Each structure stands twice: as C-alpha cells, then as structure tokens.
There are 2 protein chains.
Amino acid sequence: MQLSRRADYGIRLLLELSMLPEGSRTSTEEIANKQRIPITFLSKIARQLAQAGLVRAYPGLGGGLELGRDPRSLTMLDAIQALEGPIAIARCTLHPHECPRSAFCPMHQVWKKMEAQMVDELSRITFDQLAQAETRAIAG
Amino acid sequence: MQLSRRADYGIRLLLELSMLPEGSRTSTEEIANKQRIPITFLSKIARQLAQAGLVRAYPGLGGGLELGRDPRSLTMLDAIQALEGPIAIARCTLHPHECPRSAFCPMHQVWKKMEAQMVDELSRITFDQLAQAETRAIAG
DNA sequence: CGAAACCCCGACTATTATACTCCGAAATGC
DNA sequence: GCATTTCGGAGTATAATAGTCGGGGTTTCG
Ligand code: FES
Ligand code: FES
C-alpha cells in the first residue's frame, strides 16, 4: 500500500520543472543532485514521463527537460498514472474476470469506491498549486 | 499501490467467519479449500489475525476458528491494519523526520488527507455488512 | 490411554517487484 | 569535431512477497 520510489522521484522531478520559470529548461542531472536521487535512475524515469507526454526532453547541448503540459492542468493523478499505471487497490478491480468470486463479492464495490475517491482527490491537485505552495513555504 | 495477497486472503477469511452462524467454528482447512488459498499460507495468516485478536483459534478435535470480535464493530480498517500495518501511502507520512524535504514539502498534506479519507472510508465498512451483502448476492 | 483433528511456531525457499547500474548510440549546439 | 545531453535496452542487486516444511502442542473422543 505504498507509493514506489519511482513515483516519488517522478513527482519530485515534475515539481521541480513546475517551479521553473516558464519556457526554461534544466537537466536531469541538476534535478538529481538537488533532490539527491541517483541520476541514472532518474533519467530512466524522465524518459518514462517523456513518453507519456508529461515532460519534453531535448538532447544535446543546451537541451534538458521542460514540462510537457500546462502545470495548471497537470494533476497528481496524471503523474501517478504515468508512473505507476492505473489506480487499482485490489487486483480484482482491474481484472474482474480473473476472480471467480467477482459475481457476488461484496468487497468489490468497496475497492471501487475507494479508488474513485482517490482518483477524484488526486485529480484536484495540480502541479501549479504544488509549486506555488512550495515556493511560499521556502520563502516564508 | 496494491493490496497484498496476504491482506486479500485475510479479509476473505474474516468474511467467511462473519458468515458463519453465531458461535460456530470452522477450520482453516475448510476456508482454504473453499477460497482456493494455499492452506499453509492461510494458517499463517490466521495466526497473525489471532494475535491481533480479530479471530480466536481453538486447537483440538472440534476446534477451529471463530471471529474474535463482534462483526458489527469489526471493520475493514481493523482487518487491513492487522494484516498490512498502518495505512501509509507515502514513506514520508510515516517517518517525516527521515525526509529532509518535510519542512516545506507540499505533497505531504496531500498524502495525509488521502490517508485520512481512506481510514475514514474503511472504518465505515463492517464485516457484518459485507457478510449480509454476500449472503444476499448468493441468494438473489 | 491413544488416535485423530486441530492450531502454533520458526526457519526456510521461491518468486517477483523494485531499485538501481552501465554502456553504446544519437541528437544538438558551439 | 567535441562537449553536452537525452535514448534505449540489457543487466544486476536488493528487498518484499508468497509460499513451504517439519516438529510440536492441545483438545476431544472412544
Ligand atoms: S472480486 Fe475477487 S475477491 Fe472480490
Ligand atoms: S515529506 Fe518527503 S517528499 Fe514530501
């Protein structure tokens, strides 16, 4: 029941990018140093986020990473889904047909409801909000 | 972000016990067969639940398992906490001091809130409700 | 008493998921 | 053409999960 490091790191990366002035870039290495994340691992995560379209990556001198979407509409849900796949507490909600109990299982809807709540909550949190909150916290 | 099999199996065990007529018992083996769970594994889980007081176990002929608490006040939260430990989405909410970012981390309260929601939701679901729902579903 | 039906306990193994590492290649800009 | 940076995939290490095994107890019944 815990978020993986992959997700943790990926979220921090997105947050760093969200705090950047509009239009500027930074390298994976810089973020890795700042956040104390193994750089090789982080670069892999960055690629994953690039493939999902959440960041844009430019190779070469002066290249680096920038956010692929407007931070005001980029949500925690987008991030977690890109990093960890769909929100699914129980195996059964993802593959109901594989469970012989699914026809009469009373837990099924419990999980479904909880997942829906999580999705709802996560989709409310934008990286723009997070970035502003962090900026304020550092300043204050 | 997924429930372990341990929790899955444990919950099913508790549900089976909740569906039993008041005061009667059943053996670990019966539940294992019914639910297609490896019996050696399930017996280990049963022990864990016994130690947490959620079930009572009696050795000997005519022994077996019975619920350790009133199913009307036994909640899904109790079960999951006994089986998986505390509800904690992020490492940081459990061990804030270990994270150098905790002072200004904007995600921290997001996780906290989600955990609180989960706790709240899970604590509303009693095994009595679940047992009734399943009984109805099988009958209907 | 002795056998059968149960659970207790701890150590062990197997399997899978996670968390990384490495390296050659390709793009980019000076 | 050289430094910088991402890309891609293969490989390894570590840890968590899932499951096994064998010996030992307790209780009930005949
Ligand atoms: S649907 Fe499979 S255990 Fe509930
Ligand atoms: S408190 Fe550690 S990353 Fe937020």
Side-chain angles (χ1 to χ4, degrees), chain A residues 1-13 16-17 20 24-33 35-68 80 83-86 88-91 94, chain B residues 1-13 16-17 20 24-33 35-68 80 83-86 88-91 94:
Chain A
M1 264 336 239
Q2 261 197 353
L3 224 57
S4 62
R5 273 178 212 276
R6 169 179 225 91
D8 179 7
Y9 295 164
I11 289 170
R12 292 201 224 164
L13 184 150
E16 285 292 332
L17 293 182
L20 241 44
S24 60
R25 299 176 188 165
T26 187
S27 70
T28 306
E29 186 170 12
E30 273 197 73
I31 297 180
N33 290 338
Q35 294 281 348
R36 307 284 176 80
I37 300 170
I39 185 176
T40 53
F41 191 27
L42 187 62
S43 80
K44 207 170 157 182
I45 295 169
R47 247 179 291 156
Q48 187 178 355
L49 289 169
Q51 281 171 348
L54 305 202
V55 311
R56 272 193 288 266
Y58 302 90
L61 227 181
L65 305 174
E66 67 184 33
L67 226 48
I80 291 187
L83 290 160
E84 303 233 286
I89 294 178
R91 272 164 265 273
L94 211 48
Chain B
M1 262 337 237
Q2 261 195 355
L3 224 57
S4 62
R5 274 180 211 274
R6 170 179 225 93
D8 179 7
Y9 295 164
I11 288 170
R12 291 202 224 165
L13 185 150
E16 286 292 333
L17 293 182
L20 242 47
S24 60
R25 299 176 190 166
T26 188
S27 69
T28 306
E29 186 170 13
E30 274 197 72
I31 297 180
N33 290 339
Q35 294 281 347
R36 308 285 176 80
I37 300 171
I39 185 176
T40 53
F41 191 26
L42 187 62
S43 79
K44 210 171 153 179
I45 295 169
R47 246 180 290 157
Q48 188 178 354
L49 289 169
Q51 281 170 350
L54 305 202
V55 311
R56 272 193 289 266
Y58 302 91
L61 226 180
L65 305 174
E66 68 184 32
L67 225 47
I80 291 188
L83 291 159
E84 303 232 284
I89 294 179
R91 271 164 265 273
L94 212 48

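Every chain is numbered from 1 and lettered A, B, ... according to where its sequence line falls, protein lines coming before strand lines. Predicted model only: the values in this text are computed from it and were never measured.
By the 4.5 Å heavy-atom criterion applied to side chains, Leu65(B) and Ser27(B) are not counted as neighbours. Considering only heavy atoms from C-beta on, Asp8(A) stays 4.5 Å or farther from Leu83(A) through its side chain. Leu3(B) has its side chain within reach of Glu84(B): a pair of non-hydrogen atoms, C-beta onward, lies under 4.5 Å apart. Side-chain contact between Glu16(A) and Glu30(A) is absent, with no heavy atoms from C-beta onward closer than 4.5 Å.
Distance Leu83(A) CG to dA17(C) P: 18 Å, rounded to the nearest Å. The nearest whole Å value for the distance from the CD atom in Gln2(B) to the P atom in dT16(C) is 15 Å. In this entry the distance linking CD1 of Ile45(B) with C1' of dC7(C) reads 15 Å, nearest Å. Atom CD of Glu29(B) is separated from atom P of dA4(C) by 15 Å (rounded to the nearest Å).
Nucleic acid contact class of Glu30(B) (heavy atoms, under 4.0 Å, all strands): none.
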Could I get a table of every N or O pair under 3.5 Å where one atom is in the protein and the other is in nucleotides 20-23 of chain C?
unit_1	atom_1	unit_2	atom_2	d
dC20(C)	OP2	Tyr9(A)	OH	3.0
dC20(C)	N4	Lys44(A)	NZ	2.3
dT21(C)	OP2	Thr40(A)	OG1	3.0

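Annotation: salt bridge (Lys or Arg N to Asp or Glu O under 4.0 Å) contacts of Arg5(B) (sequence neighbours excluded): none. The side-chain hydrogen bond (donor to acceptor under 3.5 Å, both in side chains) test applied to Gln2(A) returns no partner, not counting sequence neighbours.
Nearer to the 5' terminus of DNA chain C, by closest-nucleotide assignment, is the contact made by Ala50(B) (compared with the other of Glu84(A) and Ala50(B)).
Listed by residue number, Ala57(B), Tyr58(B), Pro59(B), Gly60(B), Leu61(B), Gly64(B), Leu65(B) are the residues of residues 53-66 of chain B with a heavy-atom contact under 4.0 Å to DNA chain C.
Within the structure, ring pair (Phe, Tyr, Trp, His ring centres under 6.0 Å) pairs that include any residue of residues 38-67 of chain B comprise Tyr9(B)-Phe41(B) (at least two apart or interchain).
For DNA chain D, the contact window with chain A, defined by any atom under 4.0 Å from a protein heavy atom, covers dT4(D) to dA18(D) in 5' to 3' order.
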